[in-house]
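Below: one structure, written as structure tokens.
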Amino acid sequence: YPDNADSCLIYIHEFYMDRFPVTNKQFHTFIKQSDYLPQDTSNYLKHWEKGKYKEGDAYKPVVYVSLRDAQAYAQWAGKRLPTETEWQYAAQGSDGRKWPWGNTDDSTKYNISGKLESVGQHPEAASPFGVEDLVGNVWQLTRDVYDNASYYFVIMRGGSYYNPTSSQ
């Protein structure tokens, strides 16, 4: 895992990032149009029923997808996953803020409900670049992967209301 100082200067090229995380509806469209089948089906879209998201979940972020699934979606959509640095910049801006909206934690600006919310529920928490849902709802995959010869790390950013009791 790279050891970056608390503050360092990193140059990044111009990039685009979606305003919201990918929704169940968007991912479902991808599956139908591309006939996508995952290499690893363990836990794949386990929150869906019979290959479709539940009623009322169309605009909730898609979860239970692997890095390969996310990369396949991005490629299909003509996009790519952001790097860890790009994600951080999109969330933090150029002024080094602690939260997308500023330097003070404000739990009214993100999901603390214990349940997955539809995207766009907290527009006041948008980053300086207008990117939303960076905190509280779901972890977000980046394209950065680190291998220290013992472990393989896929870097996730953001925050989730979910409180894991173990890892796999």
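Computed from a predicted model, the values in this text were never measured in an experiment.
If you check the side chains of Asn137 and His122, you find no donor sitting under 3.5 Å from an acceptor. Side chain to side chain, Ser42 and Asp40 meet the donor-acceptor criterion of an N or O pair below 3.5 Å.
In the hydrophobic clustering of ILVMFWY residues, with side-chain heavy atoms under 4.5 Å counting as a link, Trp76 and Leu37 come out apart. Hydrophobic cluster membership is shared by Phe129 and Met17, with clusters built from Ile, Leu, Val, Met, Phe, Trp and Tyr side chains linked at under 4.5 angstrom. Leu141 and Val22 fall into different hydrophobic clusters, where Ile, Leu, Val, Met, Phe, Trp and Tyr residues are linked whenever their side-chain heavy atoms come under 4.5 Å apart, directly or through other members. One hydrophobic cluster holds both Trp48 and Tyr36 under the rule that ILVMFWY side chains link at heavy-atom gaps under 4.5 Å. Transitive grouping of hydrophobic side chains (ILVMFWY, heavy atoms separated by less than 4.5 Å) keeps Ile12 and Tyr16 in distinct clusters.
Under the 4.5 Å side-chain criterion, counting only non-hydrogen atoms from C-beta, Trp99 is not in contact with Leu134.
When all heavy atoms are compared, the tightest approach of Ala125 to Pro100 is O-CB, 3.4 Å. The shortest non-hydrogen separation linking Met156 to Trp139 is SD-CB, 4.0 Å. Of all heavy-atom pairs spanning Glu132 and Gly120, the tightest one is OE1-CA, 3.7 Å. Looking at every heavy atom in both residues, Ala91 comes nearest to Pro128 through O-CD, 4.0 Å. Here the closest non-hydrogen pair linking Leu45 and Ile31 is CD1-CD1, 3.6 Å.
The NZ atom of Lys32 lies 12.5 Å from the CZ atom of Phe27; values are rounded to the nearest 0.5 Å. Taking CH2 of Trp101 as the start and NZ of Lys109 as the end, the distance is 7.0 Å to the nearest 0.5 Å. Taken from CD in Glu117 to OH in Tyr110, the straight-line distance is 12.0 Å, to the nearest 0.5 Å. Atom CD of residue Gln33 and atom NE2 of residue His28 lie 10.5 Å apart, to the nearest 0.5 angstrom. Within the model, atoms CD of Glu84 and OH of Tyr146 stand 4.5 Å from one another, a figure rounded to the nearest 0.5 Å. Rounded to the nearest 0.5 Å, atoms CD1 (Ile10) and OG1 (Thr85) are 4.5 Å apart.
With Thr41 contributing its side chain and Tyr44 its backbone, the two residues share no donor-acceptor pair below 3.5 Å. Counting only distance, with no hydrogens or angles, the side chain of Asn43 and the backbone of Lys46 share no donor-acceptor pair below 3.5 Å. Without hydrogens or angle criteria, Asn111 side chain to Ser113 main chain gives a donor-acceptor distance under 3.5 Å. For Asp69 (side chain) and Tyr73 (main-chain N/O), no donor-acceptor pair under 3.5 Å exists by modelled atom type. Put simply, the side chain of Gln140 gets close to the backbone of Asp133: a donor and an acceptor are under 3.5 Å apart. Using modelled atom types, one side-chain atom of Asn103 and one backbone atom of Lys98 make a donor-acceptor pair closer than 3.5 Å.
Counting heavy-atom neighbours within 6.0 Å of Gln75 CD, excluding the residue itself, gives a total of 12 or less.
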Next item on the list: Under the side-chain contact (heavy atoms from CB on, under 4.5 Å) rule, what do Glu124 and Asp106 come out as? Steps first, then yes or no, please.
Entry: CA-CA 11 Å; Glu124 68 281 0; Asp106 181 347; over 6 Å; no
Check: Given Arg80 and Phe15, is the side-chain contact (heavy atoms from CB on, under 4.5 Å) satisfied, shown in steps?
Finding: CA-CA 10 Å; Arg80 65 171 175 79; Phe15 66 97; 3.9 Å; yes
Less than 3.5 Å apart, which donor and acceptor atoms pair up between the side chains of residues 49-63 and the rest of the protein, not counting sequence neighbours?
from, atom 1, to, atom 2, distance (Å)
Asp57, OD1, Lys60, NZ, 3.0
Tyr59, OH, Lys25, NZ, 3.1

